[in-house]
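I have placed the structure first, in the form of structure tokens, so that the comments after it can refer back to it.
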Amino acid sequence: MEKLYEGKAKILYQTDDPDILLTYYKDDATAFNAQKRGQIVGKGEINCTVSTALFQWLESLGIPTHYIDRPSSREMRVKAIKIIPLEVVVRNIAAGSLCKQTGLKEGKVLPFPLVEFYLKDDALGDPLLTPDRIKVIDIASEEQVNQLRDLALQINQYLQEFFDKCQIILVDFKLEFGVDKTGKIYLGDEISPDTCRLWDKTQEDAQARILDKDRFRRDLGDVETAYQQVQARVLQQIESL
Ligand code: TMP
Ligand code: ASP
């Protein structure tokens with residue numbers, strides 16, 4: 001298969017069918033725009049499994065996703081959509097760059113889910129956009145941006161409820177979307193401990209409760225165990241549905 005693109009955590013291949021791509025999930029982990037690099041053993045398989053479960057579940061609730069099927073533990077076949085170069089972040093609780101940039105205290109419950117748009121451009125360091133900046137750089141129409149916001153908020157509601165049943169708090173997460181030839185919008189990329197902040201509801205300690213890539217970003221240790229915990233709880237919740 002022809003390799004179309006190798007990203008930091010996944011490789012994208014063209015399949016024989018022009019409308020279908022294959023995503024291979026790697027164990028490679030990066031942070032701070034790839035200034036920090038490492039491996040999380042088993043991550044590729046876990047992120048592929050968790051993303052598959054969540055995409056299938058969201059799809060059953062009427063959210064269009066790029067997911068087709070999972071031919072092997074680290075491979076996902078997806079619809080060949082054109083990715084809109086925006087990273088859509090939804091935050092329920094203050095953490096990460098929101099705290100750094102605003103001084104909000106980590107753990108503060110936000111008065112409403114905050115939706116943010118970042119430009120997906122590693123060379124520029126994925127800057128935070130404003131509505132007018134989105135218009136000026138013209139990467140998505142106003143109507144598309146409104147659709148992305150509505151979809152992101154709907155997905156947040158579904159995922160918050162889902163993770164709550166897993167005894168996990170959904171702090172924040174990042175989504176990517178794409179369009180097919182007809183302009184229909186699909187949820188793309190992945191939903192995994194790499195792209196979400198997930199806190200264990202059963203743990204009080206501010207570091208012990210972290211079940212996501214912040215363990216790698218902040219050198220907290222036990223990264224693999226945290227990822228395995230998320231996978232186990234997500235699969236258990238899916239099975240109980
Ligand atoms: P941030 O607080 O660093 O802006 O991250 C917000 C959310 O987005 C968090 O759940 C992690 C996720 N994220 C990614 O998936 N990819 C990225 O490159 C970054 C910076 C954050
Ligand atoms: N994925 C991003 C990177 O390496 C950042 C992150 O997830 O923190 O660069």
Side-chain angles (χ1 to χ4, degrees), residues 5-12 23 25-40 43-44 46-48 50-51 54-55 65-66 83-110 112-130 148-149 151-153 155-156 158-160 162-163 166 168-178 187-200 206-207 209-220 223 226-227 230 234:
Y5 175 76
E6 177 153 3
K8 288 174 281 196
K10 298 191 288 299
I11 308 174
L12 200 60
T23 312
Y25 284 69
K26 303 191 283 187
D27 282 353
D28 297 352
T30 64
F32 315 117
N33 205 9
Q35 287 177 64
K36 180 181 169 88
R37 289 177 180 275
Q39 287 244 322
I40 301 172
K43 172 171 90 78
I46 291 174
N47 285 359
C48 188
V50 170
S51 293
L54 295 176
F55 281 144
T65 79
H66 70 159
I83 291 289
I84 301 167
L86 287 173
E87 300 202 344
V88 185
V89 169
V90 184
R91 302 179 190 269
N92 299 305
I93 293 178
S97 68
L98 180 65
C99 296
K100 278 204 196 84
Q101 292 171 11
T102 65
L104 275 173
K105 221 173 148 250
E106 185 182 76
K108 185 188 159 41
V109 177
L110 302 179
F112 54 87
L114 176 62
V115 181
E116 298 174 330
F117 294 91
Y118 293 82
L119 180 63
K120 187 175 157 61
D121 187 322
D122 284 344
L124 296 175
D126 296 347
L128 177 63
L129 296 174
T130 63
L148 296 186
R149 170 188 293 278
L151 272 168
L153 286 170
I155 293 165
N156 180 48
Y158 289 145
L159 289 181
Q160 248 189 328
F162 183 92
F163 280 114
C166 302
I168 287 173
I169 299 168
L170 179 61
V171 175
D172 58 31
F173 58 97
K174 186 262 306 180
L175 300 172
E176 293 181 26
F177 295 90
L187 175 62
D189 197 47
E190 65 180 278
I191 307 176
S192 72
D194 267 15
T195 61
C196 302
R197 281 200 177 89
L198 304 167
W199 291 353
D200 188 347
Q207 289 192 358
R209 69 185 172 186
I210 296 171
L211 293 177
D212 57 73
K213 195 172 160 190
D214 270 350
R215 297 207 76 83
F216 168 79
R217 293 189 188 99
R218 294 163 55 183
D219 291 321
L220 299 178
V223 190
Y227 276 61
V230 173
V234 165

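The basis for the numbers below is simple: all heavy atoms, side chains too, and nothing from hydrogens, waters or symmetry mates. Order of appearance sets the numbers: ligands from 1, and atoms from 1 within every ligand.
For Arg217, every heavy-atom contact with ligand 1 shorter than 4.0 Å involves the side chain, none the backbone. The part of Arg91 lying near ligand 1 is the side chain, judged by heavy-atom distances below 4.0 Å.
Between Glu190 and Lys43, no side-chain nitrogen of the basic residue sits less than 4.0 Å from a carboxylate oxygen of the acidic one, so the salt-bridge criterion is not met. Between Asp212 and Arg197, none of the side-chain N atoms (NZ, or NE/NH1/NH2) sits under 4.0 Å from a carboxylate O, so this pair counts as no salt bridge.
Heavy-atom contacts of Thr195 reach the following atoms of ligand 1: 10 (O), 12 (C), 15 (O) (cutoff under 4.0 Å). Applying the 4.0 Å criterion to heavy atoms of Phe173 picks out, from ligand 1, the atoms 10 (O). Atom numbering of ligand 1 starts at 1 in the shown order; those under 4.0 Å from a heavy atom of Gly96 are 2 (O).
The nearest protein heavy atom to atom 7 (C) of ligand 1 is closer than 4.0 Å. For atom 19 (C) of ligand 1, no protein heavy-atom neighbour is present inside the 4.0 Å cut-off.
Applying the side chain to side chain donor-acceptor pair (under 3.5 Å) test to Arg215 and every residue at least two apart in sequence or in another chain returns nothing. Checked against side chain to side chain donor-acceptor pair (under 3.5 Å), Thr195 has no partners two or more places apart in sequence or in another chain.
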Give the C-alpha distance, both sets of side-chain angles, the deciding distance and a yes or no for side chain to side chain contact (heavy atoms under 4.5 Å, CB included) between Gln39 and Asp28.
CA-CA 4 Å; Gln39 287 244 322; Asp28 297 352; 2.5 Å; yes

Side chain to side chain contact (heavy atoms under 4.5 Å, CB included) between Val230 and Ile46: does it pass, once the steps are laid out?
CA-CA 9 Å; Val230 173; Ile46 291 174; 5.9 Å; no

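Between Arg197 and ligand 1, an N or O atom pair is found at a separation short of 3.5 Å.
Side chains of Asn33 and Asp126: a donor-acceptor N/O pair is absent below 3.5 angstrom, by distance only. Side-chain atoms of Asp194 and Tyr227 form a donor-acceptor pair, as typed in the model, at a separation below 3.5 Å.
Summary of contacts: the protein heavy atom closest to atom 17 (C) of ligand 1 is Glu87 OE1, 4.1 Å. The closest protein non-hydrogen atom to atom 1 (P) of ligand 1 is Ser97 OG, 3.4 Å.
Shown are Val89, Asn156, Val88; of these, the side-chain contact (heavy atoms from CB on, under 4.5 Å) with Phe173 is made only by Asn156.
Note that OG of Ser51 and OH of Tyr25 are 4.0 Å apart. Values are rounded to the nearest 0.5 Å.
Of the candidates Lys120, Glu176, Lys100, Lys174, the one placing a heavy atom closest to atom 16 (N) of ligand 1 is Lys174. Which of Asp172, Val171, Asp126 comes nearest to atom 10 (O) of ligand 1 through a heavy atom is settled by distance: it is Asp172.
Within 4.0 Å of ligand 2, the residues that place a heavy atom are Lys8, Thr30, Ala31, Phe32, Asn33, Ala34, Lys213, Arg217, listed by chain and number.
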Using residues 93-104 as the side-chain source, report each donor-acceptor pair under 3.5 Å to any protein atom, sequence neighbours left out, with the distance given to one decimal.
{"unit_1": "Ser97", "atom_1": "OG", "unit_2": "Arg91", "atom_2": "NH2", "d": "3.0"}
{"unit_1": "Thr102", "atom_1": "OG1", "unit_2": "Leu98", "atom_2": "O", "d": "2.5"}
{"unit_1": "Thr102", "atom_1": "OG1", "unit_2": "Leu104", "atom_2": "N", "d": "3.2"}

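Remark: Arg218 CZ is packed, more than 12 non-hydrogen atoms of other residues, nucleotides or ligands lying under 6.0 Å away.
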